[in-house]
Student: 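I'd like to ask you about the structure that follows.
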Protein chains: 2
Amino acid sequence: MKIDPNSPADLSAQIAKAIRDAIVAGVLIVDERLPSEAELAEQFDVSRSTVREALKRLAAQSLIRTQRGASGGAFVNRLEYKDAYPQQITTSTLLLSMNAVSFETACEARYALERACAPLSAARRTPDHLATMRAEIHRQGQPGLSDESFCDSDVAFHRALVDGAGNPVLSYQLAGAVEAMQPLMNMITFTARSRAEIIRLHTAIADALEAHDGSAVESALSALETYTQSLARDVMETRARVRAGG
Amino acid sequence: MKIDPNSPADLSAQIAKAIRDAIVAGVLIVDERLPSEAELAEQFDVSRSTVREALKRLAAQSLIRTQRGASGGAFVNRLEYKDAYPQQITTSTLLLSMNAVSFETACEARYALERACAPLSAARRTPDHLATMRAEIHRQGQPGLSDESFCDSDVAFHRALVDGAGNPVLSYQLAGAVEAMQPLMNMITFTARSRAEIIRLHTAIADALEAHDGSAVESALSALETYTQSLARDVMETRARVRAGG
DNA sequence: AAGGCTTAAATGTCAGACATATGAAAATCG
DNA sequence: CGATTTTCATATGTCTGACATTTAAGCCTT
């Protein structure tokens with residue numbers, strides 16, 4: 001764990017990298033305590049402030065946690081899915097919004113990934129997953145539901161579908177793709193007719209899952225993708241017409 | 001952008017969260033300059049050190065960049081895929097290694113996601129993608145190639161497959177899944193015979209892509225998954241036998 | 001007008017101090 | 001002797017002030 005003393009700037013980044021590499025390489029194991037800030041400062045021959053900035057960088061990535069008081073210090077964090085989820089979603093959201101990713105591209109990716117889960121979910125979904133999906137479908141049919149709540153329910157529905165595959169790695173990857181889409185989905189105003197169509201397709205998906213029919217789930221997902229894309233196209237065209245006309 | 005002055009500890013985390021929220025919400029736009037550290041310190045009524053720790057947290061997430069000198073400062077970063085890739089890979093790698101995700105689970109997720117790209121890649125792959133894949137297949141057949149280099153080439157091959165889909169969102173999501181698998185893949189010793197079989201399947205994939213035959217790509221990927229899983233099972237069994245016998 | 005010089009503003013780093021939390025050891029009391 | 005309280009050492013959290021370094025803009029000279 002060494003840094004280059006000749007590079008004058010960005011010492012805290014170098015120190016963070018050194019410690020991060022040690023964690024990734026397994027030199028520092030989970031729950032192991034790092035030396036105290038004062039000791040690290042001495043080891044790297046920098047001030048305590050610089051060490052602290054490095055530790056904050058690592059804390060921002062959930063790689064370490066800190067405890068105050070005697071026998072406190074910085075400890076290597078066991079990175080769990082629940083810690084990584086928010087980060088993944090924030091990053092995905094920003095990637096979409098800052099890079100002008102089209103609705104079409106994001107939507108295509110999302111449904112392609114969901115279709116990847118379909119056969120697994122059809123084989124393994126528990127009654128619990130199915131019950132969640134049925135409940136969300138019911139919620140989506142409630143009159144007076146706001147567009148935002150409708151989108152929330154939509155996310156919950158698809159999340160249950162993905163979780164049904166029983167593969168945490170898939171669930172993690174999909175969380176980013178599905179939840180990051182939400183701001184884009186919120187652009188769409190869901191009329192009563194379009195809600196009914198979406199609910200019809202959701203029901204088809206749930207039915208197919210209940211019957212353990214993976215390819216039927218895939219077909220329904222494809223139909224849902226096509227329909228969602230057409231809704232988005234309508235919104236865009238309407239906006240373009242309003243801009244041109246007014 | 002406010003913080004709770006009553007919470008005594010973790011001021012830097014609160015400040016980081018306030019700024020992060022402002023960026024995600026679009027209050028701070030790309031390339032906009034944040035106030036100087038001194039000004040932020042005054043606004044939040046904390047010391048400059050605390051502000052700096054908050055900024056380092058944001059820098060660790062690539063949300064801001066800093067420039068020194070006059071007219072320098074902290075600027076909202078345009079989060080691009082190339083910045084998000086390493087983070088995604090590091091996180092995925094640690095999630096796998098720290099949560100004892102089985103080879104089976106990781107492998108299943110990886111190939112499920114790759115199959116999701118197959119139809120798109122079959123439709124859109126350019127001659128460039130195909131050329132990259134053929135080149136990697138050739139490299140994989142070179143005698144004297146180390147296991148590590150073989151794995152590297154494997155990653156490059158699959159990456160070309162995924163990129164062929166022409167969807168940056170998919171490429172980003174897949175990068176984590178594919179590259180994070182590498183440490184697990186490196187456990188496997190590839191014999192001459194297993195390399196030949198893998199090359200055979202890679203060739204089948206490339207041929208199917210060349211013919212724009214999406215379902216053939218999916219089939220070949222499934223066969224490759226089955227074969228990889230069987231190789232991993234052999235390694236595990238051998239190890240278990242050695243442990244029991246010795 | 002072009003080029004070099006000065007300067008101001010900003011981040012990067014350091015040193016030392018105090019505040020606060022916390023576990024462990026020491027002291028006290030029943 | 002055992003339980004409880006007090007004390008204390010240690011570690012992080014925060015503040016202050018200082019200096020180093022980088023960099024762009026303005027000034028000045030030629």
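In the text below, chain A, chain B and the rest are named by the order of the sequence lines, each starting its count at 1.
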Student: Look at the side chain of A/Ala70 and decide which nucleotide, out of C/dT22, D/dC15, C/dG12, has an atom nearest to it.
Tutor: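 Output: C/dT22.
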Student: Remember a base hit wins even if backbone is also touched, and classify B/Arg33 as base, sugar-phosphate or nothing at under 4.0 Å, heavy atoms.
Tutor: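 Since only primed, P, OP1 and OP2 atoms lie under 4.0 Å of B/Arg33, the category is sugar-phosphate.
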Student: Can you check the B/Arg48 CZ to C/dA17 P distance for me, whole Å?
Tutor: 21 Å
Student: For B/Phe103, give me all partners under ring pair (Phe, Tyr, Trp, His ring centres under 6.0 Å), at least two apart in sequence or on another chain.
Tutor: none
Student: Do A/Asp31 side-chain atoms and A/Phe75 backbone N/O form a donor-acceptor pair below 3.5 Å?
Tutor: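 No, because the side chain of A/Asp31 does not come within donor-acceptor range (under 3.5 Å) of the backbone of A/Phe75.
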Student: Which whole-number value in Å describes the distance from B/Leu55 CG to C/dT13 P?
Tutor: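 Going from B/Leu55 (CG) to C/dT13 (P), I get 14 Å.
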Student: Report yes or no: does B/Thr132 contribute a side-chain atom to a donor-acceptor pair with the main-chain N or O of B/Asp128 at less than 3.5 Å?
Tutor: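 Yes; at least one donor-acceptor contact below 3.5 Å.
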Student: Are any non-hydrogen side-chain atoms of B/Leu174 and B/Glu114 less than 4.5 angstrom apart?
Tutor: yes
Student: Should the ring pair A/His158 and A/Tyr111 be called parallel, tilted or perpendicular, given that the plane angle runs from 0 to 90° and is split at 30 and 60?
Tutor: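 Because their plane-to-plane angle is over 60°, the rings of A/His158 and A/Tyr111 count as perpendicular.
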Student: What integer distance in Å separates A/Gln67:CD from C/dG23:P?
Tutor: 7 Å
Student: Axis-to-axis angle across the helix from C/dA1-D/dT30 to C/dG30-D/dC1, five pairs an end, to 10 degrees?
Tutor: 20°
Student: Assess the residue pair A/Asp154 and A/Gln182 against the criterion (side chain to side chain donor-acceptor pair (under 3.5 Å)); give the C-alpha distance rounded to whole Å, side-chain angles, the decisive distance to 0.1 Å, and a yes or no.
Tutor: CA-CA 9 Å; A/Asp154 186 68; A/Gln182 237 186 325; over 6 Å; no
Student: By nearest atom, which of the nucleotides D/dT14, C/dA15, D/dT12 is closest to the A/Ser49 side chain?
Tutor: C/dA15
Student: For A/Ser47 and A/Gly69, take the nucleotide of DNA chain C holding the closest heavy atom to each; which residue's nucleotide lies nearer the 5' end?
Tutor: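 The residue mapped nearer the 5' terminus is A/Ser47.
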Student: Hey, does the side chain of B/Thr66 come within less than 4.0 Å of C/dA10's phosphate (OP1/OP2), counting only N and O?
Tutor: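 No.
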Student: Round to the nearest Å and state the distance from A/Glu37 atom CD to C/dA21 atom P.
Tutor: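 Answer to the nearest Å: 16 Å.
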Student: Of the candidate nucleotides D/dA24, D/dG13, D/dT16, which contains the atom at the shortest distance from the side chain of A/Lys56?
Tutor: D/dG13
Student: Specify the separation, in whole Å, of atom CD of B/Glu42 and atom P of C/dA10.
Tutor: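 Nearest whole value for this atom pair: 13 Å.
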Student: Report the distance from atom CZ of B/Arg52 to atom C1' of D/dG13, rounded to the nearest whole Å.
Tutor: 17 Å
Student: Heavy atoms from C-beta onward define the side chain here; which of C/dA10, D/dA24, D/dG13 lies closest to that of B/Ser71?
Tutor: D/dA24
Student: From CG of A/Asp10 over to C1' of D/dT21, roughly how many Å is that when rounded to an integer?
Tutor: 13 Å
Student: Can you say whether a donor on the side chain of A/Arg68 sits under 3.5 Å from an acceptor on the base of C/dT20, or the other way round?
Tutor: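 Side chain to base: pair present.
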Student: Does any non-hydrogen side-chain atom of B/Thr66 lie less than 4.5 Å from one of B/Leu55?
Tutor: no
Student: Whole Å only: how far is the CD1 atom of A/Ile64 from the P atom of D/dG13?
Tutor: 9 Å
